[in-house]
Amino acid sequence: MVNISEQSDASLITRPAHVAIVMDGNGRWAKKRLMPRAAGHKAGVGALQKIIETASTADIECLTVFAFSSENWNRPKMEVSILMDLFVSSLNKYLPELIKAGVCLRFIGDRSAFSEKLISSLTEAEKRTRGNTGLKFNIAMNYGGRWDITHATKQLLLDVQSGSVSQDDINEDVFSRYLSLADLPAVDLFIRTGGEHRISNFLLWQCAYSELYFSDTLWPDFDGEHFLSALQCFSGRQRRFGRTGDQLEADIQPQQKA
Ligand code: FPP
């Protein structure tokens with residue numbers, strides 16, 4: 001068993017600055033209990049609430065979750081509508097608690113397809129938590145990694161056309177400033193629950209060097225202990241960023257590019 005207070009001790013664990021989660025398995029969780037899929041999504045909100053608490057206690061700087069992908073519009077109309085209602089009602093229900101916990105909320109993705117009611121809930125939640133200094137909690141909604149990269153490209157092109165960026169100056173660093181979450185550290189740990197081993201178009205650029213962690217646990221059953229196990233697994237990984245294991249052990253820093 002992993003103890004949260006021990007886990008919070010920096011000497012015991014190398015903590016990821018940024019954790020991203022694909023919360024998969026709500027539908028199967030409900031099906032196993034002969035319940036409608038909506039019940040699985042509702043239970044999924046409860047699981048998310050616990051993971052936010054655990055991430056805050058474990059001193060994680062940023063948590064980003066995939067709540068609705070660009071492709072999730074392909075689900076039955078009824079399920080999409082239930083999910084949209086759940087987003088509004090959950091935000092209204094949990095916002096006071098999140099504010100109290102010092103969480104800073106941000107939504108990424110194309111919100112233009114959402115109802116006015118949902119858009120105003122998202123805007124209000126961002127406005128009311130903007131100055132908070134606790135966990136940076138990002139929710140991806142109508143988000144796709146390819147959408148993010150395409151959107152960034154269009155924004156960058158506008159700046160090239162206006163002359164504020166020169167084409168010759170474009171490099172990975174400049175490009176990445178146009179992506180969602182550009183001001184946050186790259187994703188260190190990518191977690192997917194529900195037994196599937198896929199990235200599913202989540203944070204493609206931001207996860208380029210993430211450690212991947214797959215859990216068979218269905219999202220509504222994924223609790224603080226499971227999250228801490230993922231953190232512990234992360235702390236045992238050797239992150240080489242292109243270097244050799246020997247270089248790492250000798251603590252040789254990467255050479256500067258000419
Ligand atoms: C994937 O499981 C889950 C989703 C598409 C929705 C996730 C949403 C929540 C947990 C609610 C979050 C709420 C807020 C306010 C952010 P699935 O339905 O694909 O499960 P399955 O693979 O078992 O069918």
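Hydrogens, waters and symmetry mates play no part in the numbers below; they use all other heavy atoms, side chains included. Indexing begins at 1, ligand by ligand and atom by atom, following the structure's order. Since we're looking at a predicted model, the values are computed, not measured.
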Sequence-distant partners of Leu204, side chain to side chain contact (heavy atoms under 4.5 Å, CB included), two or more places apart: Arg146, Ile149, Ile199, Asn201

Set of side chain to side chain contact (heavy atoms under 4.5 Å, CB included) partners for Asn142, sequence neighbours left out: Ser70, Trp73, Asp110, Ala113, Phe114

Glu116, CD: over 12 other non-hydrogen atoms inside 6.0 angstrom: no

Short N-O contact, Glu126 and Arg111, less than 4.0 angstrom: yes

Using a cut-off of under 3.5 Å, which N/O atoms of ligand 1 pair up with protein N/O atoms, and what distance separates each pair?
residue  : atom   : partner : partner atom : Å
ligand 1 : 2 (O)  : Asp24   : OD1          : 3.4
ligand 1 : 2 (O)  : Gly25   : N            : 3.4
ligand 1 : 18 (O) : Arg37   : NH2          : 2.9
ligand 1 : 18 (O) : Arg75   : NH1          : 2.9
ligand 1 : 19 (O) : Asp24   : OD1          : 3.3
ligand 1 : 19 (O) : Arg75   : NH2          : 2.7
ligand 1 : 20 (O) : Gly25   : N            : 3.3
ligand 1 : 20 (O) : Asn26   : N            : 3.2
ligand 1 : 20 (O) : Gly27   : N            : 3.1
ligand 1 : 22 (O) : Asp24   : OD1          : 3.0
ligand 1 : 22 (O) : Arg28   : NE           : 3.4
ligand 1 : 22 (O) : Arg28   : NH2          : 3.1
ligand 1 : 23 (O) : Gly27   : N            : 3.3
ligand 1 : 23 (O) : Arg28   : N            : 2.7
ligand 1 : 23 (O) : Arg28   : NE           : 2.8
ligand 1 : 24 (O) : Arg37   : NH1          : 3.1
ligand 1 : 24 (O) : Arg37   : NH2          : 3.1

Heavy-atom donor-acceptor pair, Ser200 side chain to Phe202 backbone, under 3.5 Å: no

Pairs involving residues 75-113, ordered by first then second residue, that meet ring-ring contact (aromatic ring centres under 6.0 Å, His included) (sequence neighbours left out): none

